[in-house]
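Please read the structure below before turning to the comments.
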Number of protein chains: 2
Amino acid sequence: MLSFTEENYLKALLHLTMEIEDKVEAGTNELAFYLGVKPATATDMLKKLKEKKLIQYEKYGKISLSDTGRNKAVEILRKHRLWETFLYEKLEFTWDEVHEVAEQLEHIHSPKLVDKLDKFLGYPEVDPHGDCIPNAKGELKQSFKKTLSEVETGASCKMVAVKDNTAAFLQYVSQLNLGIDTPIKVVSRQAYDGSMEIMISGATINVSQKFAENILIV
Amino acid sequence: MLSFTEENYLKALLHLTMEIEDKVEAGTNELAFYLGVKPATATDMLKKLKEKKLIQYEKYGKISLSDTGRNKAVEILRKHRLWETFLYEKLEFTWDEVHEVAEQLEHIHSPKLVDKLDKFLGYPEVDPHGDCIPNAKGELKQSFKKTLSEVETGASCKMVAVKDNTAAFLQYVSQLNLGIDTPIKVVSRQAYDGSMEIMISGATINVSQKFAENILIV
DNA sequence: TAAAATTGTTAGGTTAGTCTAATTGTTATA
DNA sequence: TATAACAATTAGACTAACCTAACAATTTTA
Ligand SMILES: [Mn+2]
Ligand SMILES: [Mn+2]
Ligand SMILES: [Mn+2]
Ligand SMILES: [Mn+2]
């Protein structure tokens, strides 16, 4: 049985090696920074995870998940996203509130609970942030979606997910009347700073490039 | 913020000081045994809990919860029983399966989650084992119920709760077609070992004194 | 009431997960 | 290619939660 902490390291590694299309490795400092611990701490844990055959790793080398490690990590991601969906769909949580609580709930050990929760929710495919929920077999539909910042000026698209899951960002998005499935039209763009004018259900608003890079569209 | 372990000590103390009508104190060995740790370990924790003003305790003396400690403990009990109810009512768990998972879920920190869960469940008053669920104000309806073993021969009663929450006991009870609200009639009794013959919906069965002592009735 | 039994504490160790400071290995750059 | 910058590891410490073994206090009981 994995500890709370070990699970978090595996989940972090899955995140770091899934972010960018063909990135499959992570570094010690990168991992430590992501988890908010010191590199020395991460090194200790990496030795343990290697010992348990959950990662591939050599001293001074890059880190990648083993098949077992990846499966564990995907299982945790599945739980995380199912719980987020539960909180959002059944308990009236807003999409900026679910993540924090799901960070705790994802560590509950009970295969039956996960399956029953999945069933209770009607086998959802995406969580409140538009992220894919891995299925019971541990299959994760990996899609590298385009961001709003990549949409051509004048073109239209539809928001399908968000990249940033912080409460501050999510609240800002909601405040703009923007949500999953909202149609967006890119009206104009500033070459200077990449900010853009977008149209959401009739209203035109101005958003920064940083903002646009965190809205995933189709 | 209390740790997982500190919460378990407080919960154990609440249990031990609530069991019997006017018992309000517990001993170190008793506590350690209940938690499955060594007395030396419990002593360490007792010092810490005293330091945090969660218990009243003097070296070589008896232990009791302070008001703050009791409130924390009741809050955990509330979460435990709400989660058991959720698993039973919404996720098709059986009453012998809920406790184990609730032992984990009771440590999730989120006031909003507890309140929303309570609302989602329709503000239940009892859990699947017939135990009272403390309300949002932390009020716990304390009732010292009679056990089946105390019912006079020939008299009838109704099962309202169980005292033992182990899977083995609960499965046995279910197997006997016995559950919350089932009417029971005490047919006869053996003076020798306290075993009794009881009638449940027409069928007569024989149960041990130990069994009867764990069925709470009204 | 003194000895025995029971109950509880202390001392000293272990492991997991964290830290800082010092050091070593790798990569980039002048 | 030598050196500077960066990335990663090691050594040594700390805390929380546990342990065993030894000891001390309290309670029981003969
Ligand atoms: Mn999340
Ligand atoms: Mn999400
Ligand atoms: Mn329970
Ligand atoms: Mn219960």
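Residue numbering restarts at 1 for every chain, and letters A, B, ... go by the order of the sequence lines. Given the structure is predicted, the values throughout are model-derived calculations rather than measurements.
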Strand-adjacent residues in residues 3-14 of chain B, judged by heavy atoms under 4.0 Å from DNA chain C: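 None, since no heavy atom is under 4.0 Å.
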
Qualifying side chain to side chain donor-acceptor pair (under 3.5 Å) pairs with a residue from residues 35-46 of chain A, counting only residues at least two apart or across chains: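 Found none.
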
Pairs involving residues 85-96 of chain A, ordered by first then second residue, that meet side chain to side chain donor-acceptor pair (under 3.5 Å) (sequence neighbours left out):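 Matches after skipping sequence neighbours: A:E92-B:K116, A:E92-B:K119, A:T94-A:D96, A:T94-A:E97, A:W95-A:S174, A:D96-A:Q171.
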
Strictly under 3.5 Å: I want the nitrogen or oxygen pairs between protein and nucleotides 5-9 of chain D, one per line.
residue	atom	partner	partner atom	Å
D:dA8	OP2	A:T28	N	3.4
D:dA8	OP2	A:N29	N	2.9
D:dT9	OP1	A:Y57	OH	2.1
D:dT9	OP1	A:Y60	N	3.3
D:dT9	OP2	A:T28	OG1	3.2
D:dT9	OP2	A:T43	OG1	2.7
D:dT9	OP2	A:Y57	OH	3.3
D:dT9	O4'	A:Y60	OH	3.4

Just the rounded figure in Å: distance from [atom2] of [N] to [atom1] of [X].
| X | N | atom1 | atom2 | value |
| --- | --- | --- | --- | --- |
| B:M45 | C:dT9 | CE | C1' | 16 Å |
| B:L31 | D:dC18 | CG | C1' | 14 Å |
| A:K38 | D:dG12 | NZ | C1' | 17 Å |
| B:D44 | C:dG8 | CG | P | 15 Å |

Exercise answer: donor-acceptor pairs, residues 209-218 of chain A side-chain atoms, under 3.5 Å, sequence neighbours excluded:
residue	atom	partner	partner atom	Å
A:N214	ND2	A:K210	O	3.0

Residue pairs involving residues 2-53 of chain A (criterion ring-ring contact (aromatic ring centres under 6.0 Å, His included); sequence neighbours excluded):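 Sorted result for residues 2-53 of chain A: A:F4-A:H107, A:H15-A:Y34.
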
Salt bridge (Lys or Arg N to Asp or Glu O under 4.0 Å): pairs with one or both residues in residues 50-63 of chain B, sequence neighbours excluded: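 Output for this query lists B:E6-B:K52, B:K50-B:E58.
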
Counterpart residues, salt bridge (charged side-chain N to carboxylate O under 4.0 Å, His left out), relative to A:E152 (two or more places apart):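 A:E152 satisfies salt bridge (charged side-chain N to carboxylate O under 4.0 Å, His left out) with no other residue.
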
For A:N71, all residues meeting side-chain contact (heavy atoms from CB on, under 4.5 Å), sequence neighbours excluded: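 Once residues adjacent in sequence are excluded, A:N71 has no partner under the side-chain contact (heavy atoms from CB on, under 4.5 Å) criterion.
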
A:S66 (side chain) donor-acceptor with A:L54 (main chain) under 3.5 angstrom: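 Side chain of A:S66 to backbone of A:L54, a donor-acceptor pair under 3.5 Å: yes, one is there.
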
